[in-house]
Amino acid sequence: MSVECRDAIVDEPVGSAISSALLAHYDVHARDLPWRISPAARRAGAGLDPYRVWLSEVMLQQTTVAAVTGYFQRFTDRWPTVEALAAAPEEDVLAAWAGLGYYARARNLIACARAVAGAHGGQFPQTEAGLLALPGVGDYTAAAIAAIAFDEPAAVVDANVERVVARLFAIATPLPAARPEIRTCTARITPRERPGDFAQAMMDLGATICTVRNPSCLICPLASHCAARAAGMAEALPIKPPRKAKPQRTGTAWWIELDGQVLLVQRPGKGMLGGMRALPDDGWSARADGHAEPPVTGQWQVIEAAVGHVFTHFSLELALALYRGPQIDKVAIENLNGIWWPVEQIAEAGLPTLFAKAATVAIQHR
DNA sequence: AAATCGGGGAG
DNA sequence: CTCCCAGATTT
């Protein structure tokens, strides 16, 4: 039932009819988002700031609009330009990113800002190829910035567009094998005029109408063009591979508090929660449980299953052990290479959510 | 091609 | 509870 996306099928008039219908709908129903500008300002000729487009796109990678909005506001208030972000201490940026997840994005964000502010003289590259060379900028983000900030007719394909296009052309090939065909079809319907609005309109459509479950085909501006709709198979597409089961791991975090300060560590720069401040722990990972051996001798109050947390590829049940004295082994503490942080200011430590939850439990048991 | 890497919101 | 989100990078 798959409709091949060839020139003969998706010819110029058909592609134009789709983009025209979508843009007309977008002009009325576009979501009002912090990284967008008003239609009135747009008509007056205002352009989008590439810095804000880039920042929003990186934050939105695998992350919902609702989760990003507050972070975007705080980042742009605190660092209004790419030069300001480039000049910020790395620990400040990582702490500001805490809770948003996928922390490699934050590390790449800093590297990218410094590359743009330095080697590129403060200007983002304006071509897809140039953007693609930046840290943390892949196929999707390069195309999105090129289209939205620089008016280039790039094929912007995110998970929303994958779904919309797979349905429009009834592409029944399972993902990820269907991606080349989806990309070709997306390029075929991307207009030379307003490519940035088109990309955002496609994503709005996927987020609000052409949803994963229960798509609202009755109000869809593209319903008359949709092959999956005609075949009664819209909700079944795209076909996704089965997902693997998550292993269940256990670990222990250590709460060592002296004189109102708790010992934190900075995690290694790569891997899980890389570069982030954290409670010291027993080495749990996606591959293995933690060893549960306390880092210093003494009396510990253990709170079993203090925190349950689900990561992308495993679940973790984290025990929390609170140090209860009587004395502290100064040498062993030094070996932890930690930093003492005022407990009253723990919210400003920039702990990832797992450890923020653990800290909350610890404070309740103080 | 498959695995790694967070967190939260929707249903 | 399950599913998935404006993906990139490494293996």
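Sequence lines set the chain letters: A, B, ... in the order given, protein chains first and strands last, and positions in each chain run from 1. Only a predicted model underlies this, so the values are computations on that prediction, with no experimental measurement involved.
Checked against a 6.0 Å centroid threshold, the rings of A:H313 and A:F311 do not count as neighbours.
Of the side-chain N and O atoms in A:T64, none sit less than 4.0 angstrom from OP1 or OP2 of C:dA6. In terms of phosphate contacts, A:Q62 brings a side-chain nitrogen or oxygen within less than 4.0 Å of OP1 or OP2 of C:dG7. Under 4.0 angstrom from either OP1 or OP2 of C:dC3 there lies no side-chain N or O belonging to A:K246.
Classification of the A:F75-A:W97 ring pair by plane angle, with boundaries at 30° and 60°, yields perpendicular.
Here the C1' atom of nucleotide C:dC3 and the NZ atom of A:K244 are 18 Å apart, to the nearest Å. Between the OH atom of A:Y103 and the C1' atom of C:dT9 there is a distance of 18 Å, given to the nearest Å. Put simply, NZ on A:K270 is 7 Å from P on C:dT10, counting in whole angstrom units. For A:L109 and C:dG7, the CG to P distance is 16 Å, given to the nearest whole Å. In this entry the distance linking CD1 of A:I239 with C1' of C:dC3 reads 17 Å, nearest Å. One can place CZ of A:R105 at 12 Å from P of C:dA6, the figure rounded to the nearest angstrom.
Remark: A:R114 fails to qualify as a cation-pi partner of A:W79 under the 6.0 Å distance and 45° angle criteria applied to the six-membered ring. A cation-pi arrangement is absent between A:R194 and A:F198, since the terminal nitrogen or guanidinium carbon is not both under 6.0 Å from the aromatic centre and inside a 45° cone about the axis.
Within the nucleic acid shown, A:G274 has no heavy atom closer than 4.0 Å to any nucleic acid atom. If you check every strand for non-hydrogen atoms under 4.0 Å, A:R163 touches sugar and phosphate atoms only. Residue A:P135 is classed as a sugar-phosphate contact, given heavy-atom separations below 4.0 Å to backbone atoms only. In this structure, A:L33 reaches the bases: a heavy-atom distance under 4.0 Å links it to at least one base atom across the strands shown. Within the 4.0 angstrom heavy-atom criterion, only backbone atoms of the sugar-phosphate kind lie near A:L273; the bases stay farther away. A:V137 comes within 4.0 angstrom of the backbone, heavy atoms only, and of no base. Within the 4.0 angstrom heavy-atom criterion, base atoms lie near A:Y102. Among the atoms of the strands shown, only primed sugar atoms or phosphate atoms (P, OP1, OP2) are found under 4.0 Å from some heavy atom of A:T353. Within the 4.0 angstrom heavy-atom criterion, base atoms lie near A:W35. At a threshold of 4.0 angstrom between heavy atoms, the contacts of A:R287 are confined to the sugar-phosphate backbone, with no base atom among them.
Between the side chain of A:R249 and the backbone N or O of A:R287 there is at least one donor-acceptor pair closer than 3.5 Å. In this structure a side-chain-to-backbone donor-acceptor pair under 3.5 Å is missing from A:R74 to A:A96. A donor-acceptor distance shorter than 3.5 angstrom exists from the side chain of A:D289 to the backbone of A:T250, with no hydrogens or angles considered. Of the possible polar contacts, one joining the A:R163 side chain to the A:G206 backbone as a donor-acceptor pair under 3.5 Å is found. In this structure a side-chain-to-backbone donor-acceptor pair under 3.5 Å is present from A:R105 to A:Q61.
Rounded to whole Å, the P atom of C:dA8 lies 22 Å from the corresponding atom of B:dG8. With C1' as the reference atom, C:dC5 and B:dC5 are 14 Å apart, rounded to whole Å. Of the C1' atoms belonging to C:dC3 and B:dG6, the separation is 15 Å, rounded to the nearest Å.
Residue A:I171 comes nearest to A:V165 through the heavy atom pair CD1-O, 4.2 Å, listed as atom of the first residue, atom of the second, then distance. Nearest heavy atom pair, residue A:I256 against residue A:P295, reads CD1-CG, 4.4 Å.
Heavy-atom contacts of chain A under 4.0 Å fall on DNA chain B between two terminal nucleotides, which in 5' to 3' order are B:dA3 to B:dG11.
Salt bridge A:R179/A:D139: absent, no basic N to carboxylate O contact under 4.0 Å. Look at A:D49 and A:R52 and you find no salt bridge, because none of the NZ, NE, NH1 or NH2 atoms lies under 4.0 Å from a carboxylate O.
A heavy atom closer than 4.0 Å to some atom of DNA chain B occurs in no member of residues 148-160 of chain A. Residues from residues 201-216 of chain A lying near DNA chain C, meaning a heavy-atom separation below 4.0 Å, are A:M203, A:V212, A:R213 in numerical order.
Place A:P176 and A:A67 on DNA chain B by their nearest nucleotides, and A:P176 ends up nearer the 5' end. Nearest-nucleotide positions on DNA chain B place A:Q61 closer to the 5' end than the other of A:A66 and A:Q61. Between A:L132 and A:S56, the one whose closest nucleotide on DNA chain C sits nearer the 5' end is A:S56.
A:Y140 and A:F124 sit in two unconnected hydrophobic clusters of ILVMFWY residues. Membership requires side-chain heavy atoms under 4.5 Å apart, directly or through other members.
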